[in-house]
> 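Take a look at the following structure, please.
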Amino acid sequence: MRRDLSARLQLSVSEQALFALQIAVAGGADERLALTLDGGALPAPTELIDELGNRTHLFDCPPGDLTVDYAARVDGRREVPGSDARERLLALRPSRYCPSDRLLFTATREFGDVHGAGARIDAVTRWVRERLLYVGGSSKPTDDAVDTLLLGEGVCRDYAHLVTTLLRALDVPARLVAVYAPGLSPMDFHAVVEAWDGEGWRLVDATGLAPRESMVRIHTGRDAADTAFLTTHHGIVDLTWMQVTAVVDELPQEDWGAVVRLG
């Protein structure tokens, strides 16, 4: 399976800013990343790589019109990172957008009679898919899983946060993954969940918007605080335009009952 991926961001920088960019494929690929400011090339950013293979590109940018261009080709499947006990322990703990301690009662009431990690993963994913409405622009960047549950609607990150939170409350390790998702419409960066089923990290997507088999990992973390495609740590910046593309040589047919590993 071959996936061709790209992302183009245009930003207006009003005051010098520090950028943390997370759009590059985890583990590396046949790729290019170019930064231009007012039409002139910027120096290559500093690349930071963590133990999960996550790649963050860090750079300072003076005022001007900034363009970020990324393109990659990914062939075949890849190793799933972070399968040790330490990573599973981290994936059980509450986090900024996944306050599993606050939804312990809800999780127990709804799924307390469901036994086994695999069965709980399936039950929670199905419940969230049926409970929420996918509505673009319905949530705020600061909304957590409790906000999403009360609102009853959201976008992919909200679905992923709620699935992750409920699974952690049921003692099933779960983590958020930002991906490129061929078949997604409208095309954008996408957020899904990996949950530990006792044998490996199972890929689940309660939105049902794209086939899981063709997805490509960008960044893996506790929640969207770790996996955001762009963060500015000082300065004044406006994102004025963005285009994401993800194309696969043959789009697979989704089987929502199948166990899929993101590779």
Side-chain angles (χ1 to χ4, degrees), residues 52 54 80-135 138-179 190-209 212 215 217 219-228 256-262:
L52 294 180
N54 294 322
V80 179
S83 297
D84 60 10
R86 178 181 175 275
E87 179 61 23
R88 297 196 294 275
L89 180 61
L90 291 175
L92 281 171
R93 295 174 179 170
S95 59
R96 165 66 180 84
Y97 294 106
C98 299
S100 50
D101 49 344
R102 295 178 59 196
L103 288 185
L104 180 60
F105 176 79
T106 300
T108 302
R109 181 188 62 196
E110 296 291 338
F111 309 105
D113 60 348
V114 179
H115 301 289
R120 287 182 167 183
I121 292 166
D122 291 339
V124 168
T125 304
R126 183 170 57 251
W127 188 86
V128 172
R129 181 178 296 144
E130 294 171 353
R131 180 93 178 197
L132 299 184
L133 293 175
Y134 192 97
V135 180
S138 59
S139 60
K140 303 185 297 295
T142 54
D143 284 355
D144 64 16
V146 175
D147 297 314
T148 298
L149 181 60
L150 294 174
L151 186 63
E153 58 188 29
V155 294
C156 61
R157 62 167 254 164
D158 305 305
Y159 278 68
H161 283 155
L162 185 53
V163 169
T164 298
T165 302
L166 292 170
L167 287 174
R168 289 176 184 173
L170 295 167
D171 291 321
V172 177
R175 61 191 190 183
L176 202 75
V177 187
V179 297
H190 194 46
V192 293
V193 177
E194 283 185 315
W196 185 262
D197 62 8
E199 297 181 2
W201 291 104
R202 181 182 300 189
L203 177 62
V204 295
D205 180 7
T207 71
L209 293 177
R212 293 168 293 161
M215 293 179 181
R217 185 187 309 272
H219 214 88
T220 308
R222 298 164 300 174
D223 55 33
D226 292 337
T227 62
W256 294 111
V259 173
V260 175
R261 314 288 185 194
L262 180 59

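Bear in mind the structure is a predicted one, so any value in this text is a computation, not a measurement.
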> State the OG-NE2 distance between S95 and H161, to the nearest 0.5 angstrom.
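Between S95 OG and H161 NE2, I get 7.0 Å after rounding to 0.5 Å.
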> With a 3.5 Å distance limit and no angle check, can you tell me whether N54 reaches the backbone of T220 through a side-chain donor-acceptor pair?
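Confirmed, N54 side chain pairs with T220 backbone.
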> Provide the closest heavy-atom pair for K140 versus R157 in the form atom of the first, atom of the second, distance.
O-NH2, 4.1 Å
> Could you go through L162 and L103, starting from their C-alpha distance and side-chain angles, then the distance that decides it, and tell me whether this counts as side chain to side chain contact (heavy atoms under 4.5 Å, CB included)?
CA-CA 10 Å; L162 185 53; L103 288 185; 4.0 Å; yes
> Show, in sequence, the C-alpha distance, side-chain angles and deciding distance for V163 and R129, and conclude whether the side chain to side chain contact (heavy atoms under 4.5 Å, CB included) test is met.
CA-CA 9 Å; V163 169; R129 181 178 296 144; over 6 Å; no
> Please report the closest heavy-atom contact between W201 and A91, naming both atoms and the distance.
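That closest heavy-atom pairing would be CH2-CB, 3.8 Å.
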> Nearest 0.5 Å please: distance from the CG atom of L176 over to the CG atom of D226.
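Interatomic distance, L176 CG to D226 CG, rounded to 0.5 Å: 8.5 Å.
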> Check whether any side-chain heavy atom of V146 sits under 4.5 Å from a side-chain heavy atom of P99, and report yes or no.
yes
> Are any side-chain N or O atoms of R202 and backbone N or O atoms of I121, one a donor and one an acceptor, separated by less than 3.5 Å?
no
> Nearest 0.5 angstrom please: R96 CZ to D144 CG, how far?
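Rounded to the nearest 0.5 Å, the CZ-CG separation comes to 6.0 Å.
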> Do other residues, nucleotides or ligands put more than 12 heavy atoms under 6.0 Å from the CZ atom of R120?
yes
> With rounding to the nearest 0.5 angstrom, report the OG1 to CZ distance, T164 to R222.
12.5 Å
> How far apart are the closest heavy atoms of D205 and T125, and which atoms are they?
C-CG2, 4.4 Å
> Between T227 and G221, which heavy-atom pair has the shortest distance, and what is it?
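Closest pair (atom of T227, atom of G221, distance): CG2-N, 3.6 Å.
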> Minimum heavy-atom separation for A169 to A107, with atom names?
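That would be CB-CB, 3.6 Å.
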> Provide the closest heavy-atom pair for L92 versus P173 in the form atom of the first, atom of the second, distance.
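Smallest heavy-atom distance, with atoms named: CD2-N, 3.5 Å.
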> Quick one, M215 with V260, criterion side chain to side chain contact (heavy atoms under 4.5 Å, CB included). Give me CA distance, side-chain angles, the key distance, then yes/no.
CA-CA 10 Å; M215 293 179 181; V260 175; over 6 Å; no
> Let me confirm one number: the CG-OH distance from L133 to Y159, rounded to the nearest 0.5 Å.
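It comes to 6.0 Å.
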> May I ask you to check whether over 12 heavy atoms, not counting those of R109, lie within 6.0 Å of atom CZ?
yes
> Starting at CG of L203, measure out to CZ of R212 and round the result to the nearest 0.5 Å.
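Between atom CG of L203 and atom CZ of R212 there are 6.0 Å.
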> Quick check against the 3.5 Å criterion: does R131 have a side-chain atom that pairs as donor or acceptor with the backbone of L149?
no
